[in-house]
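Residue numbers start from 1 in every chain, and the chains themselves are labelled A, B, ... in the order their sequence lines are given, proteins ahead of strands.
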2 protein chains.
Amino acid sequence: MARKRSSIDLGAVQGDEGMSVNGRDEAIYRNLFAAIVENHLEPGTKLPEDTLAEAFAVSRTSIRKVLQRLAYERLVDIRLNRGATVAQPTVKEARDVFAARRIVECGVVAQVVAKATPARLDELRAIVRREHEAEARGDRREAIYLSGEFHVALSRLSENEAISEILAGLVSRSSLVIATFGSPMAGSCRHSEHDDVLDLIAAGDVEATRAWMERHLREVERSVVLVEEAPSAPDLRRILDEVAERHRRSH
Amino acid sequence: MARKRSSIDLGAVQGDEGMSVNGRDEAIYRNLFAAIVENHLEPGTKLPEDTLAEAFAVSRTSIRKVLQRLAYERLVDIRLNRGATVAQPTVKEARDVFAARRIVECGVVAQVVAKATPARLDELRAIVRREHEAEARGDRREAIYLSGEFHVALSRLSENEAISEILAGLVSRSSLVIATFGSPMAGSCRHSEHDDVLDLIAAGDVEATRAWMERHLREVERSVVLVEEAPSAPDLRRILDEVAERHRRSH
DNA sequence: TAGAATTAATTTGTACACAAAACAATAATT
DNA sequence: AATTATTGTTTTGTGTACAAATTAATTCTA
């Protein structure tokens, strides 16, 4: 029975700061954003405007705006007259994103340590606790999400909004990279070491914190990117072409 | 005579990479972008959709997309039901942007030095030469533009696209900051020291290059932000309110 | 039967129309 | 006269319609 599915419930929107943002578009954005970075939508998945419009019970107009924004954030890919797909980062892009994170996160350490207070550090410890809980019950998605949240929350201690927004963008792209290249147990598998850095910050040791961050990010990258490219739909075509080419030569 | 003005000529678009971008929207975007960062449009200026649509001879649909993008880049401000205005960075935002630039530009120095070649450095020298020419003939706008271009081009030596895109965003925001707070002779007045850093890079001295960059960016910031807030339209209202409050108390 | 060409379908791009909100101007009230 | 109500105008938000392009399905041809 091909019953018409009912629309997705968007619920109430919290972060409607002032009056500057449209609540409904923001809710749609968050839904799609979460679906992508939490890997509910596989990289390469087509995102037709009509389908989304019906799913969220709005017209294509709103959907288009949201897709444009996600494209700007490099989470979806929009090609002229071809519509939007969930972005498929290349290996180079993955490396660039992690290198960028090293620059940004190590660079902000000094300000983070300078402005950290016991109260703010406790908020971070709460995130780490939730991380451990998620890992304990094998909730990998939540663990990856919280791992990202930790890094962004850490950067927010610097009270530099420009930087923490930039980092938030890099972190969400990292999630997409993990979804694209990550081996099943990558990303947050080895018990999160996030506890350690909080002690270094509390001790006010800038250089040790920076060193920890550098090492930590290199390990995360190593556990993810080295798996190289998984052959999904569009690549399949290229591989078939390569096979055909090899066959032709062997004659 | 209120003759209907003809539309703005958008010319041909060069950077239409592959087939992924829409040429006309891109051209409109570049026009508005340039108008804002080159300070042809004062911060706070209203940007009504109808006016822009008529000016560029397209419907509001296209204009809206462009404005959304500029809003995402923090060059325009969109408030619900109130339309778009050229963004007016706050002092805090200005400081954050410059702090972010220090982090990004100093952080990328190692890769820049590692990947710099004589040929690429010559391209940068060409930019510096044009900078000097612009200064010599008193073309302040062009000088500011080229100063920004230099920083972005420098970061591109790292061959990390994620980083150079981030920096490009920060540099354009800097231009807006200069437009908002800059004293008439700020930004690029003192003869540009950009020559010096190229020699340090050519010599392969990472630490000296980093130190130069740190000092350079602090000087640029100092020459701009310290002028503090100029009381433009929205602030005027607040000031009047404050005066009224003071008056009420004195009774 | 494989491949090319044609036709039909889906899907995107853009303009336009109408409703709702904000803004401006005028009238009413104290 | 100053403040509040009301009315009219402008501007934005959102849905819809239609053209253009892409994708698919079908027919034709070698």
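- Using a 4.0 Å cut-off between a side-chain N of Lys or Arg and a carboxylate O of Asp or Glu, B/Arg69 and B/Glu26 qualify as a salt bridge.
- Relative to the axis of its first five pairs, the axis of the last five pairs of the helix from C/dT10-D/dA21 to C/dT30-D/dA1 sits at 0°, rounded to 10 degrees.
- Salt bridge present: B/Lys115 and B/Glu159 bring a charged side-chain N and a carboxylate O closer than 4.0 Å.
- B/Leu75 and B/Ser172 get closest at one heavy-atom pair: CD2-O, 3.9 Å.
- Under 3.5 Å, the side chains of A/Arg101 and A/Ser174 contain a donor-acceptor pair of N or O atoms.
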Could you write nucleotides 12-24 of chain C as a row of B, S and -, 5' to 3', where a protein heavy atom under 4.0 Å of any base atom gives B, of only sugar-phosphate atoms gives S, and otherwise -? BBBBBB---SSS-
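- Legend: residues meeting side chain to side chain donor-acceptor pair (under 3.5 Å) with A/Thr45, ordered by chain and number and at least two apart, are absent.
- Using a cutoff of 4.0 Å between basic side-chain nitrogens and carboxylate oxygens, B/Glu149 and B/Arg130 are not scored as salt-bridged.
- Taking a cutoff of 4.0 Å between a charged side-chain nitrogen and a carboxylate oxygen, A/Arg74 and B/Glu165 qualify as a salt bridge.
- Here A/Lys46 pairs with nothing under the salt bridge (Lys or Arg N to Asp or Glu O under 4.0 Å) rule; sequence neighbours left out.
- Interface limits on DNA chain D: the 5'-most and 3'-most nucleotides within less than 4.0 Å of chain B heavy atoms are D/dT12 to D/dT14.
- Using a distance-only test at 3.5 Å, with no hydrogens or angles considered, a donor-acceptor pair links the side chain of B/Asn160 to the main chain of A/Asp96.
- The ring-ring contact (aromatic ring centres under 6.0 Å, His included) search around B/Tyr145 returns none, not counting sequence neighbours.
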